[in-house]
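Computed from heavy atoms alone, side chains included, the values below leave out hydrogens, waters and symmetry copies. Here, residue 1 is the first one in the sequence, and each next residue gets the next number.
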Amino acid sequence: MKVLVMSDSHGLTDEIHIITERHKHEVVSMIHCGDSELMKEDPLMMEWTAVRGNCDRDMTYPNDIVEEIAGQKFLITHGHLYNVKMTLLSISYRSEETDAKIICFGHSHAAGSELIDGRLYVNPGSIRQPRGRREKTYAILDIIDQQVSVTFYDIKGKVVEELNNTYQIS
């Protein structure tokens, strides 16, 4: 099962619509890790499981969501409340508290994924203002049991090969 993950779109609307239409029929869930800067009631956000980022004015978005998706427990957050620009330590404590195996976050605008102590941390980057590379990115997780393949895409839908990886979570 596939899960689309996006973050830090910072007011973009056409791009969210295009990415939604491009992938909504192949994924079981679409996650936005905050800083959409759109209201929760915005029609563009209706199909997304979304959290509040530090630039979101809509206080009805939750700070964190813990949810089972595709047979795995996810922790979805923006990351600013866990200081993710400096360390993953605080967010790792939160993932242990919630027993989440896949942690999706944004805030730093830096695309990447890594496995730490059997838990997968995924930052899809930003489709507006990427940091550390020039591609504006989002990710799709392909989950088969305990194996998760993370594929990053640029805003035009082209695969960003050097970021992709497959992990075994426990």
Side-chain angles (χ1 to χ4, degrees), residues 1-9 16-17 19-36 38-54 56 58-84 87-108 110-127 137-153 159 163-170:
M1 296 185 175
K2 294 183 180 188
V3 177
L4 190 154
V5 185
M6 174 192 300
S7 191
D8 296 284
S9 49
I16 291 175
H17 175 73
I19 291 167
T20 300
E21 291 303 310
R22 181 184 296 147
H23 296 290
K24 73 178 182 181
H25 298 294
E26 70 181 276
V27 300
V28 295
S29 183
M30 295 187 295
I31 295 170
H32 197 296
C33 297
D35 278 358
S36 68
L38 301 175
M39 300 304 286
K40 194 172 184 178
E41 306 84 36
D42 189 303
L44 285 172
M45 297 304 292
M46 292 301 196
E47 297 184 67
W48 292 82
T49 298
V51 293
R52 185 171 183 264
N54 58 300
D56 288 316
D58 187 338
M59 302 299 265
T60 61
Y61 285 115
N63 289 322
D64 295 347
I65 295 173
V66 177
E67 186 172 309
E68 188 162 313
I69 305 169
Q72 295 295 332
K73 192 177 264 191
F74 278 70
L75 168 61
I76 304 159
T77 191
H78 185 57
H80 64 297
L81 300 175
Y82 298 100
N83 199 26
V84 297
T87 178
L88 295 181
L89 191 60
S90 292
I91 201 171
S92 74
Y93 291 149
R94 181 70 176 135
S95 71
E96 288 175 21
E97 290 172 359
T98 63
D99 200 31
K101 298 299 180 190
I102 300 174
I103 299 87
C104 297
F105 65 98
H107 189 52
S108 70
S113 61
E114 69 180 297
L115 189 68
I116 303 171
D117 295 331
R119 298 177 196 279
L120 177 59
Y121 296 80
V122 178
N123 185 329
S126 172
I127 65 166
T137 58
Y138 62 95
I140 292 182
L141 284 57
D142 190 358
I143 303 166
I144 302 169
D145 298 321
Q146 302 303 105
Q147 182 176 297
V148 183
S149 295
V150 183
T151 305
F152 286 85
Y153 295 85
V159 174
L163 290 174
N164 303 339
N165 217 325
T166 299
Y167 303 94
Q168 199 71 30
I169 58 177
S170 55

CA sep, side-chain torsions, deciding dist, call: Phe152, Val150, side chain to side chain contact (heavy atoms under 4.5 Å, CB included):
CA-CA 7 Å; Phe152 286 85; Val150 183; 3.5 Å; yes

* Asked: Do Tyr61 and Ser36 pass the side chain to side chain contact (heavy atoms under 4.5 Å, CB included) test, and can you show the C-alpha distance, the side-chain angles, and the key distance before you say yes or no?
  -> CA-CA 11 Å; Tyr61 285 115; Ser36 68; 3.8 Å; yes

With a cut-off of 3.5 Å and sequence neighbours excluded, list every side-chain donor-acceptor pair involving residues 137-145.
{"unit_1": "Thr137", "atom_1": "OG1", "unit_2": "Pro124", "atom_2": "O", "d": "2.7"}
{"unit_1": "Tyr138", "atom_1": "OH", "unit_2": "Arg22", "atom_2": "NH1", "d": "2.9"}
{"unit_1": "Tyr138", "atom_1": "OH", "unit_2": "His23", "atom_2": "NE2", "d": "2.7"}

Below 4.5 Å, heavy atoms only, C-beta onward: do Val51 and Asp64 meet side chain to side chain?
no

Side chain Lys73, main chain Thr98, donor-acceptor under 3.5 Å: yes

Query raised in the report: With a 4.5 Å heavy-atom cut-off, do Ser149 and Lys2 have their side chains touching?
Result: no

Inset, instruction - Flag yes if more than 12 heavy atoms outside Met59 fall under 6.0 Å of its CE atom; otherwise flag no. - result: no

Of all heavy-atom pairs linking Ile31 and Trp48, the shortest is O-CZ3, 3.3 Å

Asn123 and Ala110 have their tightest heavy-atom pair at CG-O, 3.2 Å

Checking His107, His32, Arg52 against His78 for side chain to side chain donor-acceptor pair (under 3.5 Å), the one that qualifies is His107

Have Ser92 and Asp117 got a donor and an acceptor in their side chains that come within less than 3.5 Å?
no

Review point. So, the side chain of Asp58 versus the backbone of Thr60: is there a donor-acceptor pair under 3.5 Å, distance only?
Key: yes

- [ ] Please check if the side chain of Asp56 supplies one atom and the backbone of Asp35 the other of a donor-acceptor pair under 3.5 Å.
- [x] yes

Worksheet item: Just by distance, do the side chain of Gln146 and the backbone of Ile169 share a donor-acceptor pair under 3.5 Å?
Response: yes

Student check: side-chain heavy atoms of Ile65 and Phe74 closer than 4.5 Å: no

Closest non-hydrogen contact found for Met45 with Lys40 is CB-O, 4.1 Å

* To do: Measure from the side-chain N and O atoms of Lys101 to the backbone N and O of Leu120, and report whether any donor-acceptor pair falls under 3.5 Å.
  => no

Applying side chain to side chain contact (heavy atoms under 4.5 Å, CB included), run through Leu75 and Arg119 and close with a yes or a no. CA-CA 11 Å; Leu75 168 61; Arg119 298 177 196 279; over 6 Å; no

Of all heavy-atom pairs linking Ile69 and Ser29, the shortest is CG2-CB, 3.6 Å

* Asked: Got Val122 and Val148 here, is their nearest side-chain heavy-atom distance under 4.5 Å?
  -> no

Heavy atoms of Gly106 and Cys33 approach each other most closely as N-CB, 3.9 Å

Here the pair of heavy atoms bringing Ile16 nearest to Leu44 is CG2-O, 4.2 Å

Checklist entry - Side-chain donor-acceptor pair under 3.5 Å between Tyr82 and Thr77, yes or no? => result no

